[in-house]
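First up is the structure itself, then whatever we jot down about it.
Residue numbers start from 1 in every chain, and the chains themselves are labelled A, B, ... in the order their sequence lines are given, proteins ahead of strands.
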Protein chains: 2
Amino acid sequence: MTGRHSNAETKAEVENPMSLSTALISVDVVTFQVINGQLMLLVKESQGTDGKPLYMLPAGRIEPRHDQSLDDAAERQLRMYSQQTISHLEQVETLGSPDRDSRGWSLTVVYLALLSSIKTSGTCQNTRWIKVTDGTPDMPLAYDHNKLVRKALDRLKNKIQYSSLPVYLLPEEFTLSDIQTVFAAVLEKTPPMRSIRNRFLKEDLLIDTGHQRRGSNRPAALYKVNKNSQTWLFDRLYLSTQ
Amino acid sequence: MTGRHSNAETKAEVENPMSLSTALISVDVVTFQVINGQLMLLVKESQGTDGKPLYMLPAGRIEPRHDQSLDDAAERQLRMYSQQTISHLEQVETLGSPDRDSRGWSLTVVYLALLSSIKTSGTCQNTRWIKVTDGTPDMPLAYDHNKLVRKALDRLKNKIQYSSLPVYLLPEEFTLSDIQTVFAAVLEKTPPMRSIRNRFLKEDLLIDTGHQRRGSNRPAALYKVNKNSQTWLFDRLYLSTQ
DNA sequence: GGAATAGTGTCTATAAGACAATATCCT
DNA sequence: AGGATATTGTCTTATAGACACTATTCC
């Protein structure tokens, strides 16, 4: 593409070909996890000038020496704040504007990351999990990060309805009720158990591990994902969650 | 985002904060039109060093003075090569890599644009419509533009199956058979007429203009879009086109 | 037995798809 | 009339959803 062969070079660009073809870039990662049935967002915490805590998304620049792609850059950002396996990572959208950064035209590549559910919400230094309720983080985030979270969450809410994304928010072994819990956490509404069972027990998408989760009730069968973790797609949405 | 508050600043970045947070950027637009039932791609033509013609996508840089957003930049690119109304424009994906441009790490924002079907494929200087068959442009494109076309076309092929995108590839007034023609052009496969009718004549998505297209057969009713051109979504895919 | 959650059976609703049957124009 | 394309009718299939019912555990 473009490179030195780009069309529409203005006089200034020809004189100084590097200057106007660049912009400030950052890669921002919106990371979700479901902990005890609650949707949580990974943020880093720092000290604002007024002493109040400041919450923001893991974000950073591209490092030419390390990043072979934008996905690499996103993964590297996330890895600074969580060592957990990243079960799903996808680019959501790139936003650009002259106003986001005081230094000039800037551009953000927004990523959606999903981590497996774990009981402990252990984090690195200056990192926190904050609740997300009604589609909004409980603590307001700095800059335009609330907007970025909204974009990533919209993607998740939509895609969870026709794909295997729910299982990426669950641990390796899970019950069918766990899937329902994920829907509730993300959509604040859930498809009927009958529909979830019909959908997820079709074909060989899941494997019955033979294990069971026991409580003070009938034990539930524990399943794991088949098909080497490939995301699979269905051809209908759930209507009850619209 | 990032701004001056970005984490993970290396020593070099602190010393020269502008340098490593920027990269070469271009916005590339993949524009489709259906002309006489044939899917066509808009390219610009130039002379290669060996005298052979070189085809590439409309692409260019962000102009801080003119562009308030990436969408603006994409629209501006496309406007240089076609004055037709842009009936649909959406961002597909941003690709980045150290190899695409010899000057260093570069980044492309890929857009998908749809233009209304018209008989004449009139174009501006150095601009051509080339056929797309089997998902590939008839002429190979320069750089990695074939890959970008593939990405945009994949998006179109998918989205056409559950949205009103087909009508954006048609003129203001069209018949239901025209919709079928668009499916054939894009997917090289088509849902049954019964299904198309059931879907598009539901609710008040289309308005019967009362006009008819006449030929050597029964005339077909001409429809136009209702609902102020908002893209609408269905909750199922066509299975016959999978 | 009773509480609690897991899982099944069955009927309805919706929309896609197959396919045959009409309808309406032109020549 | 005959050709051509548009449009409708009807039956089948697939899956979501409602809802009642059964199953299995712990106490």
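What separates CG of L239(A) from P of dA15(C) is a distance of 8 Å, to the nearest Å. Spacing between atom CG of D235(B) and atom C1' of dA16(C) amounts to 12 Å, rounded to whole angstrom units. In this structure, the CG atom of L201(A) is 14 Å from the P atom of dA6(C), given to the nearest Å. Put simply, CG on L237(A) is 12 Å from P on dA15(C), counting in whole angstrom units. Distance CZ (F183(B)) to P (dA16(C)): 10 Å, rounded to an integer number of Å. The separation between Q242(A) atom CD and dT14(C) atom P is 15 Å, rounded to whole Å. Note: CG (L176(A)) to P (dG7(C)) measures 6 Å, nearest angstrom.
Nearest-nucleotide mapping onto DNA chain C: of P191(B) and R236(B), the residue sitting toward the 5' end is R236(B). Positionally, the nearest nucleotide of DNA chain C for Y223(A) lies more toward the 5' end than for the other of F234(B) and Y223(A).
Taking the six-membered ring where the residue is Trp, H88(B) and Y168(B) present parallel rings, their angle staying beneath 30° rather than reaching 60°.
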Which donor-acceptor pairs under 3.5 Å do side chains of residues 179-188 of chain A form with protein atoms, sequence neighbours excluded?
from	atom 1	to	atom 2	distance (Å)
Q180(A)	NE2	P191(A)	O	3.4
T181(A)	OG1	S177(A)	O	3.0
E188(A)	OE2	D134(A)	N	2.8

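At a cut-off of 3.5 Å, with distance as the only test, a side-chain donor of T133(A) or D138(A) sits close to an acceptor on the other residue. Under 3.5 Å, the side chains of N126(B) and S46(B) contain no donor-acceptor pair of N or O atoms. A donor-acceptor pair shorter than 3.5 Å can be found between the side chains of R194(B) and N198(B). Remark: the Y162(A) side chain and the D235(B) side chain contain no N/O donor-acceptor pair separated by less than 3.5 Å.
Considering only residues two or more places apart in sequence or on other chains, R79(A) meets the salt bridge (Lys or Arg N to Asp or Glu O under 4.0 Å) condition with E75(A). Partners of K224(A) under the salt bridge (Lys or Arg N to Asp or Glu O under 4.0 Å) rule, at least two apart in sequence or in another chain, do not exist in this structure. In this structure K159(B) satisfies the salt bridge (Lys or Arg N to Asp or Glu O under 4.0 Å) test together with E90(B), sequence neighbours excluded.
Using a 4.0 Å heavy-atom cutoff across all strands shown, Y238(B) reaches sugar-phosphate atoms only and no base atom. In this structure, S177(A) reaches the sugar-phosphate backbone alone: every heavy-atom distance under 4.0 Å involves primed, P, OP1 or OP2 atoms, never a base. Here R199(B) lies in heavy-atom contact (under 4.0 Å) with sugar-phosphate atoms only.
Running 5' to 3' along DNA chain D, contacts with non-hydrogen atoms of chain A at under 4.0 Å begin and end at dA14(D) to dC26(D).
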Going 5' to 3' along nucleotides 18-27 of chain C, which nucleotides have protein heavy atoms under 4.0 Å from the base (write B), which only from the sugar-phosphate (write S), and which from neither (write -)? BB---BBBS-

